[in-house]
Amino acid sequence: MNILNTIKDNDPVERAYRDEYNHCFLSFCAFICMLKNKKLNLPNIFLIMLQDDTIRSIFKEMCDIDTDYEALKKFLEYDATLHKSKYIKNFLDQNELTFN
């Protein structure tokens with residue numbers, strides 16, 4: 001597994017993809033902060049994306065993601081502690097989510 005990570009880290013295409021994705025991800029987060037006119041943390045941005053199909057579609061378009069599941073997975077890959085947020089837990093407990 002270590003060898004594969006070393007190869008990926010030194011692969012210029014992989015690095016370019018990772019850098020481009022990180023730029024798109026952070027640009028989306030900045031966009032949401034401007035849209036809501038607040039300085040938001042990542043759990044709140046994730047919650048907004050869970051609640052709003054249009055916002056989720058914008059994220060998928062910006063980051064070239066095909067499914068809602070993959071979009072939510074990308075957030076959890078960026079910050080694996082999102083599931084610990086009490087606001088996200090409360091929202092998930094109170095709502096039955098269906099994604100396309």
Side-chain angles (χ1 to χ4, degrees):
M1 188 77 171
N2 238 352
I3 294 171
L4 290 176
N5 287 338
T6 303
I7 292 170
K8 280 186 176 181
D9 289 344
N10 292 319
D11 180 13
V13 174
E14 182 70 28
R15 277 190 291 165
Y17 172 78
R18 188 174 49 239
D19 291 346
E20 182 179 344
Y21 171 75
N22 284 336
H23 175 74
C24 289
F25 183 86
L26 295 174
S27 295
F28 172 77
C29 291
F31 169 71
I32 296 301
C33 290
M34 288 186 290
L35 187 67
K36 299 297 182 179
N37 200 25
K38 295 179 183 176
K39 184 176 179 183
L40 299 170
N41 57 19
L42 195 58
N44 286 334
I45 293 170
F46 183 69
L47 189 58
I48 290 168
M49 196 174 81
L50 281 173
Q51 295 170 335
D52 192 335
D53 292 338
T54 306
I55 297 293
R56 200 166 40 252
S57 295
I58 291 169
F59 177 70
K60 290 188 316 188
E61 187 69 31
M62 282 181 72
C63 295
D64 194 30
I65 295 173
D66 295 327
T67 65
D68 289 342
Y69 175 78
E70 189 178 349
L72 300 176
K73 184 179 164 189
K74 287 290 191 180
F75 260 84
L76 293 171
E77 286 173 359
Y78 191 84
D79 183 1
T81 64
L82 284 175
H83 71 281
K84 295 179 181 177
S85 167
K86 66 180 178 181
Y87 299 112
I88 293 172
K89 283 182 184 179
N90 289 340
F91 177 77
L92 292 175
D93 287 342
Q94 294 172 0
N95 296 286
E96 184 177 320
L97 300 178
T98 57
F99 297 113
N100 299 331

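Basis for what follows: all heavy atoms, side chains included, without hydrogens, waters or symmetry-related copies. In this chain, residues are counted from 1 in sequence order. Just so we're clear, the structure is a prediction, and the values are computed from it rather than from any experiment.
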Open item on the list: For the CD atom on E61, are there more than 12 heavy atoms of other groups (residues, nucleotides or ligands in this structure) within a distance under 6.0 Å?
Closed with: no
TODO: May I ask you to check whether over 12 heavy atoms, not counting those of E20, lie within 6.0 Å of atom CD?
DONE: no
Let me confirm one number: the [atom1]-[atom2] distance from [X] to [Y], rounded to the nearest 0.5 Å.
{"X": "I58", "Y": "M62", "atom1": "CD1", "atom2": "CE", "answer": "8.5 Å"}
{"X": "D68", "Y": "S57", "atom1": "CG", "atom2": "OG", "answer": "7.0 Å"}
{"X": "L50", "Y": "I55", "atom1": "CG", "atom2": "CD1", "answer": "12.0 Å"}
{"X": "E77", "Y": "L82", "atom1": "CD", "atom2": "CG", "answer": "11.5 Å"}

For [X] against [Y], the heavy-atom pair lying closest together:
{"X": "R56", "Y": "M49", "result": "NH1-O, 2.7 Å"}
{"X": "N10", "Y": "R15", "result": "O-NH2, 3.8 Å"}
{"X": "D66", "Y": "K60", "result": "O-NZ, 4.1 Å"}

Open item on the list: List the residues meeting side chain to side chain donor-acceptor pair (under 3.5 Å) with T81, not counting sequence neighbours, and say none if there are none.
Closed with: D79
For a quick test of your reading: what N or O donor-acceptor pairs under 3.5 Å do the side chains of residues 21-41 make, sequence neighbours left out?
from : atom 1 : to  : atom 2 : distance (Å)
N22  : ND2    : R18 : O      : 3.4
S27  : OG     : H23 : O      : 2.8
N41  : OD1    : N44 : N      : 3.0
N41  : OD1    : N44 : ND2    : 3.0

Open item on the list: Assigning hydrophobic clusters by single linkage (Ile, Leu, Val, Met, Phe, Trp, Tyr; side-chain heavy-atom cutoff under 4.5 Å), is I65 placed with L76?
Closed with: yes
